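The figures that follow rest on heavy atoms only: side chains count, while hydrogens, waters and symmetry mates do not. None of these values were measured; they are calculated from a predicted model.
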Amino acid sequence: MVVGLKRSISFDSMQGEGDWMGTYCTFIRLPGCNYRCPFCDTDFSHADVVLDTDTQHMQKHVVVTGGEPTIHPRFEELVFALKNKGHAVHVETNGTHIHAIPEGVWITLSPKRDEWMKKPEHVTDWWNNIGRIREIKLVVDENFNPHDWINKVPFPIWLQPCDGPNIQASKENILTYIKQYPGTFKAGIQLHKYYEVI
């Protein structure tokens, strides 16, 4: 099956975050998002590539990300095409349309705050789908409250430092949280930045 996706970005790189940290993967970034997060690092201004799953070489592990990939109209078609070719598919999502993610996919959840949503809309309550989620990553900024997460999920949560002028405080807070709540939190890092890859 050919899935031609305009304005997608596809590249091979190291997975720098979460449980698959250090794995060489193909990343497929799909355009569009239903949030406007202040720390977002996604730029689609040069995203004018047509991705063809039948002809493009890809690594065994494929990470479908965004933006928010689940809102793309051909998202499910893409995931099924990748799975049919034998790829291990990972999806990074904010969890608002988790029902759109097919079974047998590794789901990485990065939930966002309601006030960052672009406009009111019906969203899926990802709490009701916690059994499908394999890992959670949270950005620790000045508004992060660890008590919102303690004893809430059945696996440790990755804490990521928030880039910007307060990054040192974010790192220090993460160290405090993993010491105080070792069963709830793990300290994350963007390993690809350490190795200076995309």
Side-chain angles (χ1 to χ4, degrees), residues 13-25 27 33-35 37-42 60-70 79 87-117 123-195 197:
S13 187
M14 178 191 301
Q15 173 58 275
E17 305 171 351
D19 288 1
W20 290 94
M21 187 185 305
T23 304
Y24 201 61
C25 307
F27 288 82
C33 190
N34 51 351
Y35 279 80
C37 301
F39 49 78
C40 183
D41 61 356
T42 303
K60 171 68 174 178
H61 291 269
V62 178
V63 181
V64 184
T65 183
E68 174 49 43
T70 60
V79 171
H87 293 286
V89 182
H90 305 187
V91 173
E92 298 181 342
T93 178
N94 59 35
T96 53
H97 295 83
I98 208 165
H99 59 279
I101 303 176
E103 295 291 336
V105 170
W106 178 282
I107 298 176
T108 297
L109 176 72
S110 295
K112 304 300 187 289
R113 296 211 294 268
D114 290 344
E115 60 266 31
W116 294 340
M117 186 173 283
V123 296
T124 299
D125 181 2
W126 64 262
W127 285 105
N128 293 332
N129 293 275
I130 193 65
R132 297 194 58 209
I133 297 166
R134 304 298 297 274
E135 65 179 350
I136 295 177
K137 297 186 302 185
L138 301 174
V139 174
V140 175
D141 61 10
E142 64 275 10
N143 296 308
F144 179 79
N145 184 352
H147 299 285
D148 291 340
W149 297 96
I150 296 168
N151 299 322
K152 294 291 181 65
V153 298
F155 46 78
I157 298 167
W158 289 97
L159 299 183
Q160 304 282 136
C162 184
D163 287 338
N166 299 319
I167 189 170
Q168 187 57 39
S170 178
K171 291 177 180 178
E172 292 171 1
N173 287 336
I174 289 172
L175 288 175
T176 298
Y177 301 147
I178 66 170
K179 291 175 184 177
Q180 290 180 340
Y181 313 106
T184 300
F185 299 122
K186 296 188 291 188
I189 186 174
Q190 293 180 308
L191 192 66
H192 54 288
K193 292 183 178 179
Y194 176 83
Y195 281 95
V197 296

side-chain contact (heavy atoms from CB on, under 4.5 Å), that's the test. Do Asn173 and Phe144 meet it? Break it down for me.
CA-CA 9 Å; Asn173 287 336; Phe144 179 79; over 6 Å; no
Could you walk me through whether Lys112 and Thr96 pass the side-chain contact (heavy atoms from CB on, under 4.5 Å) test, one step at a time?
CA-CA 9 Å; Lys112 304 300 187 289; Thr96 53; over 6 Å; no
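In this view, Cys162 and Phe39, Val139, Asp141, Ser170 satisfy the side chain to side chain contact (heavy atoms under 4.5 Å, CB included) rule, not counting sequence neighbours. Residues forming a side chain to side chain contact (heavy atoms under 4.5 Å, CB included) with Asp148 (at least two apart in sequence, or on another chain): Asn145. Considering only residues two or more places apart in sequence or on other chains, Ala187 meets the side chain to side chain contact (heavy atoms under 4.5 Å, CB included) condition with Ile174, Ile178. Trp158 pairs by the ring pair (Phe, Tyr, Trp, His ring centres under 6.0 Å) definition with nothing, not counting sequence neighbours. For Lys171, the side chain to side chain contact (heavy atoms under 4.5 Å, CB included) test picks out Pro161, Ile167, Gln168, with sequence neighbours left out.
With no hydrogens or angles considered, a side-chain donor-acceptor pair links Asn94 and Glu68 at under 3.5 Å.
Nearest approach of Val105 to Val89, heavy atoms of both residues: CG1-O, 3.4 Å. Pairing each heavy atom of Thr93 with each of Gly95, the nearest pair is OG1-N, 2.9 Å. Ala100 approaches Pro102 most closely through the heavy-atom pair O-CD, 3.4 Å. Closest heavy-atom contact between His192 and Met14: CB-O, 3.9 Å. Closest non-hydrogen pair, Pro111 versus Trp149, comes out as CG-CH2, 3.8 Å. The shortest non-hydrogen separation linking Asn166 to Glu142 is ND2-OE1, 4.4 Å.
The 12-atom threshold is not exceeded at CG of Asn151, counting heavy atoms of other residues, nucleotides or ligands nearer than 6.0 Å. Shown here is Tyr24, whose OH atom has more than 12 heavy atoms of other residues, nucleotides or ligands within 6.0 Å.
In this structure, the separation between NE2 on His87 and NZ on Lys60 is 8.0 Å, given to the nearest 0.5 Å. Here the straight-line distance linking atom CH2 of Trp127 with atom CD1 of Ile98 works out to 12.0 Å at 0.5 Å rounding. One finds the OH atom of Tyr181 at 10.0 Å from the OG1 atom of Thr176 (value rounded to the nearest 0.5 Å). Taking CD1 from Ile136 and NZ from Lys152, the interatomic distance works out to 11.0 Å, rounded to the nearest 0.5 Å. Here CZ of Phe27 is found 9.5 Å from NE2 of His90. Values are rounded to the nearest 0.5 Å. Separation of atoms CD1 (Ile157) and CG (Leu138) is listed at 5.5 Å; rounding is to 0.5 Å.
Side-chain contact between Thr108 and Gln15 is absent, with no heavy-atom pair separated by less than 4.5 Å. Between Thr184 and Tyr177 there is no side-chain heavy-atom pair separated by less than 4.5 Å.
Applying the salt bridge (charged side-chain N to carboxylate O under 4.0 Å, His left out) test to every pair with at least one member in residues 14-24, sequence neighbours left out, gives these pairs: Glu17-Lys137, Asp19-Lys186.
In this structure, Trp106 and Trp20 have perpendicular ring planes: the angle between them is above 60°, well past the 30° mark.
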